[in-house]
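A short worksheet on the structure shown next.
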Amino acid sequence: MEDYTFSDIEYEQLLLTVTSTFGNGDPPDNGEVFGRQLYEMRNPPLEEGENKSKRKISSIHLAMSSSHYHGKRDDSQPLANVRFSVFGLGSRAYPNFCAFARSVDRLLGELGAEPVYEKGEGDELCGQEESFRKWVTGCYEAACKTFFLDTNLKDYSDALATLTKEWQPDKFRVCVHKGLLPVTDLCKNLSDIHRKNVYPCRMLSRTNLQNEESPRATIIVKVDIQNEPMLVHEPGDHLAIFPQNQPSLVNQLIKQLTDATPPDEPMLIEYNKGKKGEDWKPFDRLPPGCTLRQALLQYLDITTPPASQFLAILATLASDSKEKDRLLDLSKGTTVYEDWKFDKCPNMVEVLEEFSSLKVPASLFLAKLPLIQSRYYSISSSRQYVGGEIHCTVAVVSFRTQGGSGPLHHGVCSSWLNRIAKNTIVPCFVRKASAFYLPELKKAPVIMVGPGTGIAPFRSFWQQRRIEMELKFTSHSVGKPLDAISEDQEGPVWGDMALFFGCRHPKLDHIYKKEMEELVSEDVLAMARCAYSRDPNQP
């Protein structure tokens, strides 16, 4: 979405938008500019003196600003010649489900565009893939009718149902390539693969914030950013971290592949481009010279349950007829698949164990497994307070599947951060918060509510307030000049900052308790209240 040339939108005949929603109804990173441009096309006048760069756009704001829309359009509107449809990805476990997609759908309508097919929404908790398949099929049929295209919908539907994406055993191969240099620059490769700048930071320290008697762990991770000037951040921003898979899981998976190359030899993935005969070309999805172990450890997602389309490919590789039928049934993406996915939440090792007749070539995983995605953590520190570091508050995730009776699973990133050694390189980048900052007006009161690790961003808030009060600074923006407070300024300088925190037990998981008490005694926090859900002596 961020690569789209917005000036072309008026000349589009058909515009299909697929987008997720982040946070409290905000657009995803790559959709923020598109959302702002769409909003400003709909609401061009700016108030006198308004700073255009400060018009932070959220889906909630977009939806509220468009409450008068009743579906009326005329030929004078800027997008009157555009046909469109929108599909939103989200989870009903969160408020403001698919809010950004709904806002885009509404704004396009307000600007005169005509829906070629109704908006679709996919809930990751129930039938997301089935919903998407229904929307794609409906869009295809509606667009063909709208633009008078003569096509066979049945052929298309059959292709969509299997969606093997042209992978066939004789179309891909993996070769040991001793002439290639081993891959060493992980952050550069991640930058190339994900098309964003990823920076190497060193792990400085890791401390468990919970009591040693607690069965769970919450860690504060500190990374060194002194050599990375591009990692400028403000309280409220996020640190995106690219983790690695568990080595034991990678080793198990390598053993189950049928034609695995030596796991630590540089390899080259190729595909046969020729329809008749052989025309092998490099398949540059992964960096040349990457080893099989590196691919499965650092680049490919082997823990997320496979998509139904991937199961359709696996069905072609099963030698047992019952397993083949079961895989085909799951590949339909119905509630059968959803129940299987959420009950077992299987990683790729467990999938191969459940369907033991599968003979899976390495080329399938290297070509079709999804990439490991970055994990986002609220930054728990103020740069002006801690200097060249970033702190993150991380709950170490572990759980048993199948209602507690299944295998033990670990969160990919939290468990990685909890086991890596000091000075290990942590690939990361900063994601700016779209509308989650301390108020510009220092006199404004601040109420912070954060149970558990939800307290993470507020630690950056109170550290910022603490350093400002100590040095009598009035500006909290990193990189901007800090102006001293005038001693004869009338009225209170600082608005009250109140914290409401929640955890299970005061002796086990009240993280940052001592820090909170110090802040109250120093009048940085006007109050700090905590509710304990497992303490019988306190409601």
Side-chain angles (χ1 to χ4, degrees), residues 1-92 94-123 131-132 134-136 138-147 434-436:
M1 194 176 281
E2 62 189 356
D3 296 329
Y4 181 68
T5 303
F6 190 79
S7 58
D8 293 341
I9 194 169
E10 297 181 52
Y11 308 103
E12 302 287 5
Q13 291 182 300
L14 179 63
L15 181 69
L16 302 179
T17 305
V18 180
T19 184
S20 59
T21 295
F22 170 75
N24 189 31
D26 299 326
D29 275 357
N30 65 1
E32 187 172 347
V33 172
F34 179 83
R36 183 173 65 248
Q37 290 172 324
L38 200 62
Y39 175 79
E40 289 172 353
M41 176 181 276
R42 174 63 184 84
N43 304 275
L46 291 173
E47 295 180 8
E48 185 177 355
E50 182 180 358
N51 187 339
K52 185 176 179 179
S53 65
K54 291 185 177 180
R55 297 182 74 190
K56 299 183 183 300
I57 304 300
S58 75
S59 300
I60 305 304
H61 179 50
L62 294 179
M64 291 176 63
S65 70
S66 308
S67 59
H68 62 277
Y69 172 60
H70 298 292
K72 297 180 181 180
R73 57 178 56 83
D74 59 66
D75 292 340
S76 66
Q77 293 173 296
L79 303 186
N81 295 322
V82 177
R83 303 294 180 268
F84 78 97
S85 187
V86 176
F87 187 85
L89 300 162
S91 170
R92 294 188 186 276
Y94 296 92
N96 308 314
F97 172 67
C98 289
F100 182 61
R102 294 174 182 179
S103 296
V104 170
D105 179 75
R106 193 172 193 87
L107 282 173
L108 287 171
E110 288 187 356
L111 290 163
E114 182 177 346
V116 71
Y117 188 70
E118 64 184 357
K119 176 181 83 280
E121 295 178 345
D123 179 6
S131 299
F132 181 71
K134 178 182 177 182
W135 177 79
V136 169
C139 274
Y140 182 81
E141 183 176 10
C144 289
K145 290 180 179 178
T146 299
F147 295 102
S434 60
F436 189 68

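As a basis for the values below, the full set of heavy atoms in this structure was taken, side chains included, without hydrogen atoms, waters or symmetry mates.
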Q. Do Pro28 and Ser20 have side chains that get closer than 4.5 Å, going by heavy atoms?
A.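 In contact.
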
Q.
Checking side-chain polar atoms at under 3.5 Å, does Tyr4 have a donor or acceptor matched by the opposite partner on Glu12?
A.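 Side-chain D/A pair, Tyr4 to Glu12: present.
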
Donor-acceptor pair, side chain of [X] and main chain of [Y], under 3.5 angstrom:
X     : Y      : value
Asn43 : Tyr39  : yes
Thr21 : Phe100 : yes
Glu2  : Gly31  : no

Q. Shortest non-hydrogen contact from Ala101 to Gly88?
A.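 Distance-wise, the nearest heavy atoms are CB-CA, 3.4 Å.
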
Q | Least distance between heavy atoms, Ala80 atom then Arg83 atom | A |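 Taking Ala80 first and Arg83 second, the nearest heavy atoms are O-NH1, 3.5 Å.
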
Q) Considering residues at least two apart in sequence or located in another chain, which fulfil the ring pair (Phe, Tyr, Trp, His ring centres under 6.0 Å) criterion with Phe34? A)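 Result, ring pair (Phe, Tyr, Trp, His ring centres under 6.0 Å) vs Phe34: Phe6.
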
Q | Test side chain to side chain contact (heavy atoms under 4.5 Å, CB included) applied to Glu10 and Leu79, Leu111, Val82, the passing residue | A |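 The single option meeting the side chain to side chain contact (heavy atoms under 4.5 Å, CB included) with Glu10 is Leu79.
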
Q: Test Phe84 against Leu16 for side chain to side chain contact (heavy atoms under 4.5 Å, CB included), laying out the working first.
A: CA-CA 6 Å; Phe84 78 97; Leu16 302 179; over 6 Å; no

Q. Who are the side chain to side chain contact (heavy atoms under 4.5 Å, CB included) partners of Val18, not counting sequence neighbours?
A.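 Once residues adjacent in sequence are excluded, the partners of Val18 under the side chain to side chain contact (heavy atoms under 4.5 Å, CB included) criterion are Phe87, Leu89, Phe132, Trp135.
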
Q.
Among residues at least two apart in sequence or on other chains, which ones pass side chain to side chain contact (heavy atoms under 4.5 Å, CB included) with Thr5?
A.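 Applying side chain to side chain contact (heavy atoms under 4.5 Å, CB included) to Thr5 gives Ser7, Asp8.
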
Report, one line per pair, each donor and acceptor closer than 3.5 Å where one atom sits in a side chain of residues 116-123; sequence neighbours left out.
from	atom 1	to	atom 2	distance (Å)
Glu121	OE1	Arg102	NH2	3.2
Glu121	OE2	Arg102	NE	2.6
Glu121	OE2	Arg102	NH2	3.4
Asp123	OD1	Arg92	N	3.1
Asp123	OD1	Leu125	N	3.0

Q) Under the side chain to side chain contact (heavy atoms under 4.5 Å, CB included) criterion, do Val86 and Leu15 qualify, and how do the steps go? A) CA-CA 8 Å; Val86 176; Leu15 181 69; over 6 Å; no

